[in-house]
Asker: 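Before we start, here is the structure in question, set down as structure tokens.
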Amino acid sequence: MARKKNRLEREEEIALANQIISREERMFALLKKIPRANAILNREEARHTNTRASDVNKLIESVEACKALEGLCAEHQALLEQAITLTDEAEALRWQLAMSARYLVDMESSRLANTLMTREDLRQYGYVGLLKAAKRFEPDKGVRFTSYARWWVRAEMTRSMEKGGRAIRLPGGAVEQLRRLRTASRRMERDGSEPTARELADETGMTEERVRFLRSRGSTVSMDAPITNDGLTIADQLAEEPEQGAVDDRVADSALLEQVEQAMSAVLDERSQYILRRYFGLDGEEETSLSQLGRELNLSRERVRQLRIRALRDLRGELGTLPSLG
């Protein structure tokens, strides 16, 4: 069967990514000879932002800063013009790499679209995710670009649903759990009958109380919608209700999940994040075995196990404890 249009094989992804990196390295070598650019390139970043993407951003920032300078000497002007050419070439290659995985946008937007966020709206966020992935992708990490880009596509779509797709905002972890719940529900439906909360709890590993809570949030209405004849709104009612600790208890696991996600981004590299997400099912999919991860990453099962243990140790150092991950 012929390969689908625009999709790349693993070797093609690696070659394209290396072409991008080669141009970035040449840009760095040129720009560091210009004092203004060199100051930006050597600027220290906070640990959680010191990433490949931040390095690329500093290259672009350096070019823009030098373009704004007046009175560059002929030597520095020539270096800048070469760097601008490389910038354009690298950007074109990143776009090519990103669009090679555009089918992920179609796939994820179809899965996540609902009455509050249309497929077309989600597609726009998905393309943002692809471009972010192309800027961050490191071919020597052992993860395919398509696998890596899928995190970013889903992350951007989920974030857009969290921020703009709900009249009443749910935490990011709850949005992801709700998506898992709907997926399980569709899979378990038999003869048009909806699975019970207990059946869904068993299927997803959530508590029965959690399933009921998320089900109750499956459909939302505007906070400004009138609910009485005299125009009283939901927002008015909520303002008059006392705070209840029970609500905090219901979403405590979502808050923990968000904390873990933030810590992972801060202290783990992309491969370690990928292993933990896939192993524990943090991306909303089924949990993945060490053997399967080994096949995906071209590593032995034992090596994946070692990387998982090290990643958990690093996370424990950041969080102090990991009750949900064991």
Asker: Over all heavy atoms of both residues, which pair between E13 and F137 is shortest? Give the atoms and the distance, please.
Answerer: O-CE2, 4.5 Å
Asker: Counting only N and O atoms by type, is there a donor-acceptor contact under 3.5 Å from the side chain of S100 to the main-chain atoms of L97?
Answerer: yes
Asker: Judged by atom type as modelled, is there a donor-acceptor pair below 3.5 Å linking the side chain of R111 to the main-chain atoms of M107?
Answerer: no
Asker: Assess whether side-chain hydrogen bond (donor to acceptor under 3.5 Å, both in side chains) is satisfied between S54 and N57, documenting all intermediate values.
Answerer: CA-CA 5 Å; S54 70; N57 289 336; over 6 Å; no
Asker: Side chains of R310 and D314, heavy atoms from C-beta outward: is any pair under 4.5 Å?
Answerer: yes
Asker: So does R52 pair up with E138, basic N to acidic O under 4.0 Å?
Answerer: no
Asker: Determine, stepwise, if the pair Y127 / E156 fulfils side chain to side chain contact (heavy atoms under 4.5 Å, CB included).
Answerer: CA-CA 9 Å; Y127 286 126; E156 288 297 318; over 6 Å; no
Asker: So which heavy atom on I20 is nearest to which on L93, and how close?
Answerer: CG1-CB, 3.5 Å
Asker: Restricting to non-hydrogen atoms, name the atom on M27 and the atom on L59 that form the minimum distance, rounded to 0.1 Å.
Answerer: CE-CB, 3.9 Å
Asker: Could you report the tightest heavy-atom contact between L130 and A98, atom names first, then the distance?
Answerer: CD1-O, 3.5 Å
Asker: What's the separation between atom CG in L30 and atom CD in E81, rounded to the nearest 0.5 Å?
Answerer: 11.5 Å
Asker: Looking only at heavy atoms, which two atoms of F145 and A101 are closest? And how far apart?
Answerer: CE2-CB, 3.9 Å
Asker: Take V128 and Q124, measure what side chain to side chain contact (heavy atoms under 4.5 Å, CB included) needs, and give me the verdict at the end.
Answerer: CA-CA 7 Å; V128 172; Q124 301 306 313; over 6 Å; no
Asker: When you measure from the side chain of S62 to the backbone of K58, do you find a donor-acceptor pair of N or O atoms at a distance under 3.5 Å?
Answerer: yes
Asker: Any side-chain to backbone donor/acceptor pair from Q77 onto L72? Under 3.5 Å, distance only.
Answerer: no
Asker: Around atom CD of E302, are there more than 12 heavy atoms from other residues, nucleotides or ligands closer than 6.0 Å?
Answerer: yes
Asker: Can you find a pair of side-chain heavy atoms, one from L31 and one from L79, that are under 4.5 Å apart?
Answerer: no
Asker: Of the non-hydrogen atoms in S110 and R119, which two are nearest, and what is the gap between them?
Answerer: OG-CZ, 3.2 Å
Asker: Does V56 sit in a hydrophobic cluster with other residues, and if so which ones, taking ILVMFWY side chains as linked at heavy-atom separations under 4.5 Å, directly or through other members?
Answerer: I60
Asker: Do D88 and T85 meet the criterion of a side-chain donor-acceptor pair at a distance under 3.5 Å?
Answerer: no
Asker: Using the rule given for side chain to side chain contact (heavy atoms under 4.5 Å, CB included), can you reason through M157 versus V105, listing the C-alpha separation, both sets of side-chain angles and the distance that settles it, and then say yes or no?
Answerer: CA-CA 9 Å; M157 289 184 179; V105 173; 4.1 Å; yes
Asker: Salt bridge or not between E91 and R94? Use side-chain N to carboxylate O under 4.0 Å.
Answerer: yes
Asker: Are side-chain heavy atoms of K141 and Y274 found at a separation under 4.5 Å?
Answerer: no
Asker: Considering residues, nucleotides and ligands other than R136, do more than 12 of their heavy atoms fall under 6.0 Å from its CZ?
Answerer: yes
